[in-house]
Structures are given as C-alpha cells and as structure tokens.
Amino acid sequence: CPHCSSQLEILNQRVKSGRLASLEIINISVQPERAEQYGVRSVPWLRLQEYEFEGAQSATQIDHWLDLIDENNGQREYLAYQFQNNQLDKIIARVWQQPALLRTLLTLASDPLTDMKVQLGISAVMEELQATELLRRCIPELALLCQHNEARIRTQGAYYLSLTRDAQAEPCLRELLHDPDSEVRATAQEALSDLSAG
C-alpha cells in the first residue's frame, strides 16, 4: 500500500527526531486479529495515545496532533475532528466510557466558532443521552448555555435541557420564556411541554 509506506516514513522520522518514543507497526494481512482487536476498518490506521486516525495523515497533521498531546490540550479539537469525519458512533462510545467528555462537548457547543457539522453532531450525542443520569448531571452546564449572549446557543441550551427530562431544568427554562429572542422563547415553551409530558 503506497499510503502505508509514506505514513511509515513520516512516523520513522518522528521516532528518529525524538517526537515519538516508540512505534509499533502491525501488518494486518499477517495479523488480521489485531485489526479486529483495534476495530480497524481501513488503512493506514494510526493511533497516537488515545487519538485514532483512519487514512493517511500528512507530516504537518501528525506534528499538529503530537503538539496537542504534549500540551494535553487536544480533546476539543479531536472531538471536532471525529464529528467532521463522520465518527458519531465512536464519540458516543467514548462519552459512555469517559463521561467527562460530555462537558468538553458542551464547551464546543458554547463556542460560536464551532462549525455547523460539529454543532449538529453534538445535538445527536445529546439526543442519544436523552433522559439518562449522565445528561442530568450536566444540568448546571446546560443552564450556562442558556445564558450565552448568542441566541442560537441559548436555543440549543433550552433544547438540551428538555432532553434531560428532569424537573430541575424547569426554572432555567421558565426564565427563557422572557428571552428577547422569539426562537429561544418558543424552544423554551416546547421544552417545558416536553418536561411535563415526560
């Protein structure tokens, strides 16, 4: 595979320069069970600590992710990367395994610069978590979304609160009934109806 050999060359250079401490290479035609173990469906496949990548990564991309790992600052960006690469199922599985990631998703949701595909993906995760204890524990963070200066984000916050199906969300939603934005008010009203029905 020409892509695997070029990927290998980049990674070997990072080992020689000390950016990578070690490199494990698996030929899945020889060890197909390892592909199954890691859930590999296409090659090249790369894991840098907990971050997994399908398809060839350029030297610049690899260096970028190594920098984020060094700074312990990559979770938000990696989640955005996964959404942009249609890996919703993987994100949902990660959130169940690492509940703290839900709060990271909410910081992405509160950022006006987060692109629409990522925002839609966050909504899909919230819908998957509907009426779960995991989502209920985030009511304080969801309430913060409802105080955002952007109406679009307040609307999202109201919708996410409705998904908790928890009466604790009610006071925040009632405040939004007086929001200056009509869409926020309408979403809050619908959310309150959902809470009383649920």
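Fair warning: this is a prediction, and the values are worked out from it, not measured in the lab.
- The two residues Cys138 and Leu106 have their closest heavy-atom pair at CB-CD1, 4.1 Å.
- A donor atom on one side chain and an acceptor atom on the other are not found under 3.5 Å apart for Lys90 and Asn85.
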Under the criterion side-chain contact (heavy atoms from CB on, under 4.5 Å), I'd like the reasoning laid out for Tyr160 against Ser123: C-alpha separation, chi angles, the key distance, then a yes or no. CA-CA 8 Å; Tyr160 297 160; Ser123 291; 2.9 Å; yes
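- Contact between Gly121 and Phe83 at its shortest, heavy atoms only, is C-CE2, 3.2 Å.
- Atom CD of Glu170 and atom CD of Glu175 lie 12.0 Å apart (nearest 0.5 Å).
- Both Phe53 and Leu23 belong to a common hydrophobic cluster when Ile, Leu, Val, Met, Phe, Trp and Tyr are linked at side-chain heavy-atom distances under 4.5 angstrom.
- Rounding to the nearest 0.5 angstrom, the gap separating the CG atom in Asp67 from the CG atom in Asp63 is 6.5 Å.
- Summarising the geometry, atom OH belonging to Tyr38 is positioned 11.0 Å from atom CD belonging to Glu33; distances are rounded to the nearest 0.5 Å.
- Nearest heavy-atom pair, Asn86 versus Lys117, reported as atom, atom and distance to 0.1 Å: OD1-NZ, 3.0 Å.
- A donor-acceptor pair shorter than 3.5 Å cannot be found between the side chains of Gln87 and Arg94.
- Counting only N and O atoms by type, the side chains of Glu127 and Tyr159 include a donor and acceptor under 3.5 Å apart.
- The CG atom of Leu79 sits 8.5 Å away from atom OH of Tyr51, with the distance rounded to the nearest 0.5 Å.
- Closest of all the heavy-atom pairs between Arg165 and Gln130 is NH2-NE2, 3.3 Å.
- Under the 4.5 Å side-chain heavy-atom criterion for grouping Ile, Leu, Val, Met, Phe, Trp and Tyr, Ile10 is connected to Trp65 within one hydrophobic cluster.
- Of the N and O atoms on the side chains of Gln75 and Glu50, at least one donor lies less than 3.5 Å from an acceptor on the other residue.
- Using the six-membered ring where Trp is involved, Tyr78 and Tyr81 have ring planes that are parallel, under 30° apart on the 30 and 60° scheme.
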Please evaluate residues Leu161 and Leu195 with respect to the criterion side-chain contact (heavy atoms from CB on, under 4.5 Å), reporting the C-alpha separation (whole Å), side-chain torsions for both, the decisive distance (0.1 Å), and the verdict. CA-CA 9 Å; Leu161 280 172; Leu195 284 184; over 6 Å; no
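- Atom-to-atom distance recorded for Leu108:CG and Ser110:OG is 8.0 Å, nearest 0.5 angstrom.
- Taking each heavy atom of Leu105 and Ile122 in turn, the nearest pair found is O-CD1, 3.6 Å.
- With respect to the salt-bridge test (charged N to carboxylate O, under 4.0 angstrom), the residues Arg76 and Asp111 qualify.
- With 3.5 Å as the limit, one finds no donor-acceptor pair spanning the side chains of Gln156 and His148.
- Note: the hydrophobic cluster containing Leu120 does not contain Leu145 (ILVMFWY, side chain heavy atoms under 4.5 Å, direct or indirect links).
- Nearest heavy-atom pair across Leu129 and Leu134 is CD2-CD2, 4.0 Å.
- When the shell of 6.0 Å around CD of Glu190 is examined, it contains 12 or fewer heavy atoms from other residues, nucleotides or ligands.
- The local environment of CD in Glu183 is sparse, with at most 12 non-hydrogen atoms from other residues, nucleotides or ligands closer than 6.0 Å.
- Of the charged side-chain nitrogens involved, at least one lies within less than 4.0 Å of a carboxylate oxygen, so that Arg154 and Asp179 count as a salt-bridged pair.
- To the nearest 0.5 angstrom, Glu128 atom CD is 4.0 Å from Ile92 atom CD1.
- There is no path of hydrophobic side-chain contacts, each under 4.5 Å, that joins Met116 to Ile153.
- In this structure the side chain of Val40 never reaches within 4.5 angstrom of the side chain of Glu54, judged on heavy atoms.
- Side-chain atoms of Ile28 and Ile26, non-hydrogen and from C-beta on, do get closer than 4.5 Å to each other.
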Audit row: Arg47, Glu24, salt bridge (Lys or Arg N to Asp or Glu O under 4.0 Å) steps and yes/no: CA-CA 10 Å; Arg47 179 168 30 189; Glu24 181 182 9; over 6 Å; no
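- Hydrophobic cluster membership differs between Leu144 and Leu142, with clusters built from Ile, Leu, Val, Met, Phe, Trp and Tyr side chains linked at under 4.5 angstrom.
- A donor-acceptor pair shorter than 3.5 Å cannot be found between the side chains of Gln7 and Gln57.
- Within 6.0 Å of atom CD in Glu150, more than 12 heavy atoms from other residues, nucleotides or ligands are found, so the atom counts as buried in its surroundings.
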Go through Leu176 and Thr155 one step at a time and tell me if the side-chain contact (heavy atoms from CB on, under 4.5 Å) criterion holds. CA-CA 9 Å; Leu176 292 178; Thr155 301; over 6 Å; no
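- Put simply, the side chain of Val15 does not reach to within 4.5 Å of the side chain of Leu11, judged on heavy atoms.
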Carefully, step by step, assess Arg136 and Asp166 under the rule salt bridge (Lys or Arg N to Asp or Glu O under 4.0 Å). CA-CA 7 Å; Arg136 288 187 189 108; Asp166 192 304; 3.6 Å; yes
